[in-house]
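So the structure is just underneath, and the comments pick up after that.
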Amino acid sequence: MSDFGPAELLTGLCHTDEENPFPLWQNGHIGACFNQLVLGALPHAGMAIFSACYLSMTSPPCGWTLRLVSALLAVLLFTADVILVSILQQDDMYLDLLSDCCAILAWLVHFSAIIVLQKTAFRRTRGPPLLFLLVLLSAPNLVITLMVYCETEGYLNLTEPLKLARFVLASARTLPVLVYLLAFVFPCISDAGEIVAEDSSGCISRLFYLWLTPLLRRGQRGELERPADVCHLPRKLRTQVVCRYFHQWDVGLLRVLHKAFSLRYYMLGVLKVVVNMLSFTGPLLLSSLVNFMEEEGAPVSIGAWCALGLFVTTLLSSVLRNIFVFEVSKVALSARAALVSAIYSKALRVSGSSLTGFTLGEVVNLMSTDTDRVGNFFSSFHELWSLPFRFSITLYLLYLQVGVAFLSGLGVALLLVPFNKFLASRILSNNKDMLRHKDSRVKLMTEILFGIRVIKFYNWEPHFTQKVAERRKQELSHLKAIKYLDAMCVYTWAALPVVISILTFVTYVMLGNQLTAAKVFTTLALVGMLIIPLNCFPWVLNGILEAKVSLERIQRFFKLTNQDLQAYYALDSQTSVLLSQGTFSWQSPGAPDPSKEGEGSLVVVVGKAGCGKSSLLAALTGELNRLSGVVYVADREAGFGLAAQEPWIQHASVRANILFGKDYDPHFYQAVIEACALSDDLNVLPNGDKTEVGENGVTLSGGQKARLALARAVYMDKDIYLLDDPLAAVDTDVAEHLMQKCIMELLRGKTRILCTHRIEFVDKADLMLILFHLILILHSVFFLSSCCRCSSWFETDGGEQDEDALGFPPDLCVDDDADPLGAEQKQVGGLAWRVYQTYWVAVGGVLASSVLMSLLLMQASKNISDWWLSHWISELKNNGSTTSNASFTGSFGSSHLLLFSPGGLMSPLHSLQTSPSSNMSSDVKFYLMVYSSIAAANTVFTALRAFLFAYGAICAATAIHNRLLDRILKATVSFFDTTPLGRILNRFSSDLYSVDDSLPFILNILLANIFGLLGMLVVMSYGLPWVLLPLLPLALLYHRTQHFYRHTSRELKRLYSLTLSPIYSHFSETLTGLGTIRASGSSIRFEEESAKRLEQNQRCLFLSNAAMQWLDIRLQLIGVAVVTGLAVIAVVQHQFRSVDPGLVGLSLSYALSITTLLSGLIFSFTQTEMQLVSVERTEEYSTGLPTEPQHQNAQLPASWPERGLLEFRGAVLAYRDGLPNALDGVSLVVRPGEKVGIVGRTGSGKSTLFLALFRMVELNQGQILLDGLDISTVGLGQLRSRLAIIPQDPFLFSGTIRENLDPCGCQSDQQLLDVLDQCHLSSVVSRMGGLDAEAGERGKFFSVGQRQLLCLARAFLTRSKVLCIDEATASVDQKTDKLLQQTIREEFREQTVLTIAHRINTIMDCDRVLVMCGGKVAEFDTPTALLQSDSSIFHRLVGGGATERH
């Protein structure tokens, strides 16, 4: 046994000779031993080992299922073979058993690995290619075994069934292997199920982002069309996981952020130190390599070690830097999720009075701009300490290279720091001013878009264009300053490396030293590294200061007091609602109200406009501050059913608005529809109750909005209902229906508090409350009166006071939305050349060409100055100055290279202190003169490029904004009806900000990168022509990689933009409807909806970041290949003595920065593309919008219309194709000076008559004549300026009362005061501070009724021949309404007046009444004639309003 070894083991196992124990060829084919062990057992062993690697992974398409079945089948077949071998007991039994057992083990482990892989991210792919390779390796063994069986006697003989069975089993084994290989090649991967990013990926997959490749492929195939197409976030980054860290905001935002992310974040700081240290190895190894090149007989091993060192350090630096950037972006992403969620959650809880200190724009800004700035802080903070660290090490290395000579260059650089700080502070202050003007411009644009109908009705477009232009001019003046200061910064930093290099080398030569290639190029590389910290530091500091300001702003919001419902409401009471001695305020003290309502009662609240009815309801819901007294509401947690005076409609379908998050109950739903008189309206809508309602209900009439809001409140099925004048905007019979069917029957048994001006319904109340102000100093008092008709009160003339003069809560605007009437279209594919052309034209062709020319000259002069240096060194070397070489030989003679020792990186200065000969010094002078001249030219071209570019950017910003504004204000009204305002506002805010600021900034970097890369390639190819060999395949690889990346990157950026709007629009929608949401107790549902939208956006942002890093790591590897290739070529050429050390040094010093340039180029290119999407979006509106006709009628008399004769002839009008006709063949004549009342059901076409008259919507057929002239032949501006209208929705602009009444400043103050007096507003206005008092955002300091009166005053001022009044007094009490009708009769005796009214008494004294029904004229006669006909619709309407006439 002592001689027993591997040979004997093989001989025994295989039954072979001892001389040849392991024959490769035997009996005419491959030896059985080799086949079973090497081709059989070995691949199976490898398969088992590598499959086992995948068993550790945690957390099935048909391709995987087939592979699973194949593996199981293979296990069974090999097991059967083991049984047969054991029974047969042939000579090579043990060999077969060993091979079969290996196979069984391998396929079993592989089977387990497939099960595990199906639960990971691999299930969407073919899986690791290694597994396919291992299965393929086992195929030769199978083929050879079958060939051996075919040739061996007995295996195909039926008399030997066991042998035959082995042959059949071996043949059967081909089936699972074949099926497995086919299932790998054609994986039939489905896209169903949830794909999770990064989780469950292996180490290599995470390092090189292999888990992202399937997504990139889908992007390339154009399959990323919806946000749902992208992967889910890793578990750790999901919003609900992140938000667990964030609950205690009161302790300070910074402390909470620190507690949540500190450990993970500070650990990344250690990684940053390692990356910084590695970045210095490049210049040091470059120095050693060039030293080696200059020494002719140097051993090749030194060069090889330098090349290897360059490869290892650049590779390691690339990988670690990539990990650092990606991990920091994850922390920033988590912080963003937490902040956005916390701001939303705070907004839902903050008290109404606290929120008045913030406008909607400010709060939305906290969520958008401020959270982004805080996110940027995470990348800036590590730079803050690492930049000084890198700076000091670079200085030390420079000192080792050129001694004290570096101080001259450094002096200039340090002088620039305070100058740069001054520039940065100027840029910052200008930026603040610019943003302030931008905010005011966007705020003005918001108001213009909200009031676009009013602006078009009154022909105010030129005036508002002028206003916007003035604000834009102020904004651009600061933008201009910023751009020129930026240009100054760009100029100083672009010129700095050249200036520092010149000064350093001149000083070094003046000190009597001699330049060498190693010195020059190591110094150049170090100077390049020195510039980066100096350049970046002001911006990093700036970013951190901005983040600090944003943190403080967010913290200020978090410190607002929350609603404290426990403290607000009293604990227990026997009643449903109790109010006793209550004093409430929006901001300051209000009024004591003793009042009590029992369960199930109907309480009607009446009072003059502005007496505090809405405030009473707000006091009950807890939106006001309770200063004293007691409020009790039974079961407050269940919430109220609230129908607000200004209906808040969500941007969703009609059904979704009514259900408001509750389950669909068909019977109750139908009952609510019937009770709220919505059945007819739903029949008219294109898709019934599935029809999308526009933003804030823009696609519905006023009455439909009121009834939809009422239906929502009723469907909530609460115990207490607060109804704020839901009957104001509907006509008499609908009001009667709502009162009877909805309020009296469907809500019977509920406590109902109804505010209204319709006193005909007061007698149905269990209790009536009359509200009015005695005098301003006294508080308003509740009178509890059991009398139902207290008409004497309506005759008393109590002093009026505006309920909101002390600051009504802001009426907030709405932003863009996710699923509008036509969902916003995401552009697909690459940017069209048209977009680039648009920007080129906006800059100006000549200017753009000049910018490119100056860039070319700047780059060329920089490269020529570097080449001149290398040429100078070569000449010195060729002139026989051997002093330097001697010193380098000395330094290499030392046993090892000490990087930081003077011998390693810097030749001892004393050895170079040779006194140069006179001709030498003249040579030096010549070289220095040329070098300085080239450098001076470079600074001139740099300055030229910087300032020309800045000027071009300003030109483009001006041109693009002017075109966009002009087109938007000329757009048709139907465009505004079908487009959410937020979408248009996005063009004027974020898209224009990109065009103004972000696009020029990134485009500048892109152009510099393109020219920089071209210059680098030219220099490298000139210095080492052989480098073109590896460069060509690398260039192809680079092109393919960036092309593969850009498709997906672009789609991800677009999806990110597309999912961003819904977050902000949902937030602004929430803020607008805060009262309704809180009153109904729906806050939690809205919070969940916000989290869902945020999660979708975070997914796109995370994958966008990951894709950038996917590209970055590949570009870094290409850069590593270039640097290593250059070093190897240089070492090889050195052996053939055909290399110039100067040119090698130059090429290598360029190559060291190639990775930065390559990734910078792609990054700046994709960013430029992304910013150009803004140009694409503005261009889409500037060229593609439907506009109103712009022609003018030159022959139109100045006095037209003189009489006011109005005639409709067969007018047919549909708002849009596919919608039913709103006017269907209307023909009528209104005589000059006639007063016509217009009545009809909601949606019967009453308001459409006015829209047709003002040509807001053009007729499909028929015509309208005014004084015998067809209005379609008159210019729009001419027509609208000669007519007057009081629209249904009272709209005021923020600004003074004077500006609201007379924006163009045509009237005197006395005229304005007279008209206010006629509209019974003079007392309110004088109390607020006269004509210069602010009206507030969208008139929030006035009640709805008072806003209607102001709009009436506006119309009185026009004095036109035709006055159209659309529901102008719906929210005004009856007494004021009566007085107004009297004023209109007196003031407009000569004019033609058309009045739409739901109150019958408003139009009873009209000359004639027009009854509209389904877009047709149903009746048109005097009121008396119509009342005498029993079949008349008007007769029935008046019957419904009989009580009112009493």
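Residue numbers run from 1 in the order of the sequence given. These numbers come from a predicted model, not from an experiment. Just so you know, these numbers use all the heavy atoms, side chains as well, and skip hydrogens, waters and symmetry mates.
- Checked by atom type, the side-chain pair R349/S345 shows a donor-acceptor distance below 3.5 Å.
- Between K559 and E552 there is no salt bridge, since no side-chain nitrogen of the basic residue lies less than 4.0 Å from a carboxylate oxygen of the acidic one.
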- [ ] Evaluate the criterion side chain to side chain contact (heavy atoms under 4.5 Å, CB included) for residue pair I343 and F1067; output intermediate values, then yes/no.
- [x] CA-CA 10 Å; I343 290 169; F1067 186 40; 4.0 Å; yes
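- Under a 3.5 Å cut-off, the side chain of R1050 and the backbone N or O of E1169 do not form any donor-acceptor pair.
- Checked against a 6.0 Å centroid threshold, the rings of F326 and Y209 count as neighbours.
- Atom CG of residue L1055 and atom CG of residue N1097 lie 10.0 Å apart, to the nearest 0.5 angstrom.
- No side-chain heavy atom of E475 sits under 4.5 Å from any side-chain heavy atom of R436.
- Counting only N and O atoms by type, the side chains of T1070 and Y344 include a donor and acceptor under 3.5 Å apart.
- R1054 and E1176 are joined by a salt bridge, as a carboxylate oxygen and a charged side-chain nitrogen come within less than 4.0 angstrom of each other.
- Using a 4.0 Å cut-off between charged side-chain N and carboxylate O, D996 and K438 make no salt bridge.
- Under 4.0 Å is where a charged nitrogen must lie from a carboxylate oxygen, and between E1089 and R1093 at least one such pair does.
- Remark: the T1059 side chain and the Q1096 side chain contain no N/O donor-acceptor pair separated by less than 3.5 Å.
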